[in-house]
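What follows is a short report on a single structure.
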Amino acid sequence: MVQLHVKRGVESQFLFSTTVDATLETVIQQITAIYNGRLKVDRICSEIPELADHGITLPPNMQGLTEEQIVELKLADEWEDKCVPSGGPVFKPDEIGRRNGHAPNDKMKEVLTRTMEEAKALISSKQVQANVCVTMGMVKEALDQLRGAVMIVYPMGLPPHDPIRMEFEDREDLSGTQASLQVITEDECQLWWAAKEMQRGKKLQDYIGKNEKTKLVVKIQKKGQGAPAREPLITDEQQKQMMMNYYRRQEELKV
């Protein structure tokens, strides 16, 4: 199998396994799905600590308001009594007024945080160093783990406006956020190798030949951003090692 080390810019993303006979159309579709799926897992994991610490998200019209303002405006959260964590809530107010402060107890909090760490590890860029290829199945497994943990802690579910539920239901609104800049749709995704764009309509073997044991670094890029920076001939770690060997040799020669 051909192993592609997928990067965006200089940052490693994941290893992807394919064949030389695969069409670039299929490879780009699969890589884009994994790339965006990993982003979804990361976004959910960034919200899990908030859910664990401060409970469910308040309705949009109540977020950021003080208790006095909520009373004055006669606002009420209809989901507070419906979405109660297992074992009952522990009151931990949210200073920024985004969540309702009815947090899960320590046991339920542990379920959320432990599952979050497991899900992150499954699709982590550290899998590159471990030589583990990430698949869409692994991304779905991470999402299922997170969904299961949330259901254990909140058996009645989360409010429809909670960003975690919106992510699970593919209703997330990323407009105007930093996260939206990271997403690359399948249509706008380009794959580059050796400073060349790998054109849709061709097969992988048109670029790399028919050796199924090939390993190469490819970069994903949005259309219109031009060619990504080329890979350095040696990595920072390799350069550091070379310098250490050089100085060690110099010291040996002095003796």
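All values reported here derive from a predicted model rather than from experimental measurement.
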salt_bridge([X], [Y]) N-O dist < 4.0 Å:
{"X": "Asp21", "Y": "Lys203", "answer": "yes"}
{"X": "Asp170", "Y": "Lys40", "answer": "yes"}
{"X": "Glu47", "Y": "Arg98", "answer": "yes"}
{"X": "Arg99", "Y": "Asp162", "answer": "yes"}
{"X": "Arg147", "Y": "Asp144", "answer": "yes"}

Report yes if the side chains of [X] and [Y] come closer than 4.5 Å at any heavy-atom pair, otherwise no.
{"X": "Asn105", "Y": "Pro85", "result": "no"}
{"X": "Met1", "Y": "Thr19", "result": "yes"}
{"X": "Lys7", "Y": "Val218", "result": "no"}
{"X": "Ile220", "Y": "Leu191", "result": "yes"}
{"X": "Leu112", "Y": "Ile152", "result": "no"}
{"X": "Thr57", "Y": "Pro159", "result": "no"}
{"X": "Val20", "Y": "Asn211", "result": "no"}
{"X": "Arg38", "Y": "Ser125", "result": "yes"}

Heavy-atom closest pair, residues [X] and [Y]:
{"X": "Phe16", "Y": "Val6", "answer": "CB-CG2, 4.2 Å"}
{"X": "Ser86", "Y": "Met108", "answer": "O-CG, 3.3 Å"}
{"X": "Ala103", "Y": "Ala52", "answer": "CB-O, 3.7 Å"}

Is [X] reaching over with its side chain to a backbone N or O of [Y], donor-acceptor style, under 3.5 angstrom?
{"X": "Tyr35", "Y": "Phe14", "result": "no"}
{"X": "Ser46", "Y": "Arg43", "result": "yes"}
{"X": "Lys222", "Y": "Val183", "result": "yes"}
{"X": "His102", "Y": "Phe91", "result": "no"}

Asp206 and Gln199: CA distance, side-chain angles, deciding distance, side chain to side chain donor-acceptor pair (under 3.5 Å) verdict: CA-CA 10 Å; Asp206 295 331; Gln199 298 288 340; over 6 Å; no

With Thr113 via side chain to side chain donor-acceptor pair (under 3.5 Å) - residues at least two apart: none

Within a 6.0 Å radius of atom [atom1] on [X], are there more than 12 heavy atoms belonging to other residues, nucleotides or ligands?
{"X": "Glu95", "atom1": "CD", "answer": "no"}
{"X": "Lys202", "atom1": "NZ", "answer": "no"}
{"X": "Glu67", "atom1": "CD", "answer": "no"}
{"X": "Met136", "atom1": "CE", "answer": "yes"}

From CA spacing to verdict: side-chain contact (heavy atoms from CB on, under 4.5 Å), Ile31, Ile34: CA-CA 5 Å; Ile31 284 178; Ile34 294 171; 5.9 Å; no

Atom pair CE (Met166) and CD (Glu172), whose distance is rounded to the nearest 0.5 Å: 8.0 Å

Approximate separation, where rounding is to 0.5 Å, of Ile164 CD1 and Leu51 CG: 4.5 Å

Worked verdict on Val27 versus Met198 for side-chain contact (heavy atoms from CB on, under 4.5 Å): CA-CA 10 Å; Val27 171; Met198 304 176 92; over 6 Å; no

Stepwise side-chain contact (heavy atoms from CB on, under 4.5 Å) test for Tyr207 and Leu216: CA-CA 11 Å; Tyr207 291 92; Leu216 58 150; over 6 Å; no

Candidate list Gln127, Lys126, Gln129, His5, test side chain to side chain donor-acceptor pair (under 3.5 Å), partner Ser12, passing option: His5

Asp187 and Thr185: side chain donor to acceptor below 3.5 Å: no

Flag for Asn131-Gln3: side-chain donor and acceptor within less than 3.5 Å: yes

Test log, rule side-chain contact (heavy atoms from CB on, under 4.5 Å), inputs Arg114 and Glu118: CA-CA 6 Å; Arg114 185 181 68 250; Glu118 291 172 355; 3.8 Å; yes

